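Have a look at the structure below before the remarks.
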Amino acid sequence: MQREEKQLELSLEALISQVADLKNSLVSFIYKLENEYDRLTWPSVLDSFALLSGQLNTLNKVLKHEKTPLMRNQVIIPLVLSPDRDEEIMRQTEGRVPVFSHEVVPDHLRTKPDPEVEEQEKQLITDATRISSDVAQKQIQSLNKMCSNLLEKISKEERESESGGLRQNKQTFNPADTNALVAAVAFGKGLSNRRPPGSGGPVQASQPGAGAIIAGASGIQQVQMSGASSQQQPMLGGVQMSQAGQPGKIPSGIKTNIKSASMHPYQR
């Protein structure tokens with residue numbers, strides 16, 4: 001008898017230890033869900049579930065161990081019931097049960113579900129037995145089809161969101177070209193010093209093709225200067241006179257007779 005009581009005490013201590021670890025894990029996980037939901041990641045949630053699953057498996061192993069007595073054969077009888085506050089019960093239950101009275105004993109010492117829950121469970125069992133195997137198979141196939149469609153929609157949404165993110169992150173310009181364009185517009189970096197012909201500005205001879213540009217520009221300037229001088233030359237004897245000694249003048253092909261300045265041009 002003493003051996004059985006000692007074995008029962010050891011089993012209860014092991015169960016209490018396992019349940020305490022499980023409770024701490026649940027408290028930590030609930031705290032994360034309530035206070036750290038904005039920073040919570042899916043791998044962290046999976047780790048918490050894996051920890052809870054492992055602790056539940058360990059608890060089941062302890063209950064199924066050969067040295068653990070059957071708890072269903074043990075009867076718990078409350079020895080003292082009091083409506084007064086019990087500090088020891090407060091400490092054991094961490095403040096959840098302040099008193100151990102006739103009101104709370106049926107709830108805390110119950111080994112079966114509530115009568116309403118038992119009634120609902122019986123109703124579900126009865127409804128399940130009324131369904132034939134063919135109808136049950138059709139319902140299973142319909143449920144599987146709905147689950148497959150839902151999973152397909154979820155996977156499609158994930159693919160579209162990933163492709164949208166890739167399109168947004170894809171670079172549509174060349175940073176080197178952009179920097180070169182900004183430097184050229186703002187500071188003139190990389191621009192050529194050549195000017196188009198006829199601009200009148202100096203052209204550097206060291207640049208390729210500068211000689212041809214200079215020759216072409218001088219020819220255009222000669223034609224323009226000759227045209228301008230033909231309008232400004234004085235008229236003498238009804239014939240336009242060309243000014244000698246000026247560079248860049250095209251000699252006139254018209255021969256004129258220059259009369260003496262003493263003769264009046266209108267004398268007969």
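Everything numeric in this text was worked out from a predicted model, so none of it was measured. Side chains included, hydrogens not; waters and symmetry mates left out as well; all remaining heavy atoms used.
- The environment of NZ in K23 is crowded: more than 12 heavy-atom neighbours from other residues, nucleotides or ligands sit within 6.0 Å.
- When each of N60, L59, L63 is paired with Q18, the side-chain contact (heavy atoms from CB on, under 4.5 Å) condition holds for L59 and for no other.
- Using a 4.0 Å cut-off between charged nitrogen and carboxylate oxygen, K6 and E9 do not count as a salt-bridge pair.
- The existence of a salt bridge linking E87 and R85 is confirmed by a sub-4.0 Å separation between a basic side-chain nitrogen and an acidic carboxylate oxygen.
- Both L56 and F29 belong to a common hydrophobic cluster when Ile, Leu, Val, Met, Phe, Trp and Tyr are linked at side-chain heavy-atom distances under 4.5 angstrom.
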- Query: Between L52 and S25, is a side chain to side chain contact (heavy atoms under 4.5 Å, CB included) present by the stated rule, with each step listed?
  - Reply: CA-CA 7 Å; L52 294 173; S25 299; 3.5 Å; yes
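- With a 6.0 Å radius and a threshold of 12 heavy atoms from other residues, nucleotides or ligands, L150 has its CG atom above the threshold.
- Atoms CZ and CG, from F100 and D84 in turn, are 14.5 Å apart once rounded to the nearest 0.5 Å.
- Judged by distance alone, with hydrogens and angles left aside, the side-chain atoms of S44 form no donor-acceptor pair with the main-chain N or O of L40 at under 3.5 Å.
- Summarising the local packing, CD of E121 is surrounded by 12 or fewer heavy atoms from other residues, nucleotides or ligands at distances under 6.0 Å.
- Using a 4.5 Å heavy-atom threshold, the side chains of S11 and K67 count as separate.
- Closest approach of P98 to M90, counting heavy atoms only: CA-SD, 3.2 Å.
- Atom CD of Q139 has more than 12 neighbouring heavy atoms from other residues, nucleotides or ligands inside a 6.0 Å radius.
- When all heavy atoms of Q55 and L22 are compared, the closest pair comes out as OE1-CA, 3.2 Å.
- A salt bridge does not link K153 to E158: none of the charged nitrogens lies less than 4.0 Å from a carboxylate oxygen.
- The nearest pair of heavy atoms linking P78 to L109 is CD-CD1, 3.8 Å.
- At most 12 non-hydrogen atoms from other residues, nucleotides or ligands lie less than 6.0 angstrom from CD of E152.
- Taken together through direct or relayed side-chain contacts under 4.5 Å among Ile, Leu, Val, Met, Phe, Trp and Tyr, V19 and L8 form part of one hydrophobic cluster.
- In this structure, S142 OG and K138 NZ are separated by 11.0 Å, a value rounded to the nearest 0.5 Å.
- Q92 CD to D86 CG: the interatomic distance, rounded to the nearest 0.5 Å, is 10.0 Å.
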- Steps toward side chain to side chain contact (heavy atoms under 4.5 Å, CB included) verdict (C147, L143): CA-CA 6 Å; C147 294; L143 180 60; 4.2 Å; yes
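- Residues L51 and V27 are members of separate hydrophobic clusters, defined by side-chain heavy-atom contacts under 4.5 angstrom among Ile, Leu, Val, Met, Phe, Trp and Tyr.
- Side chain of T178 to backbone of N174: a donor-acceptor contact under 3.5 angstrom is found.
- Atom NE2 of H102 sits about 4.5 Å away from atom CG of L81, to the nearest 0.5 Å.
- Taking hydrophobic clusters as Ile, Leu, Val, Met, Phe, Trp and Tyr residues chained together by side-chain heavy-atom distances below 4.5 Å, V45 does not share a cluster with I30.
- Taking CG from N144 and CG from L151, the interatomic distance works out to 10.5 Å, rounded to the nearest 0.5 Å.
- With hydrogens and angles disregarded, no donor-acceptor distance shorter than 3.5 Å links the side chain of S53 to the backbone of F49.
- Heavy atoms from other residues, nucleotides or ligands lying under 6.0 Å from CD of E88 number more than 12.
- Separating the CG atom in L10 from the CD atom in E5 is a distance of 12.0 Å, to the nearest 0.5 Å.
- When the side chains of ILVMFWY residues are joined at heavy-atom separations under 4.5 Å, either directly or via intervening members, V105 and V99 end up in two distinct hydrophobic clusters.
- Using modelled atom types and a 3.5 Å distance limit, the side chains of E116 and Q120 yield no donor-acceptor pair.
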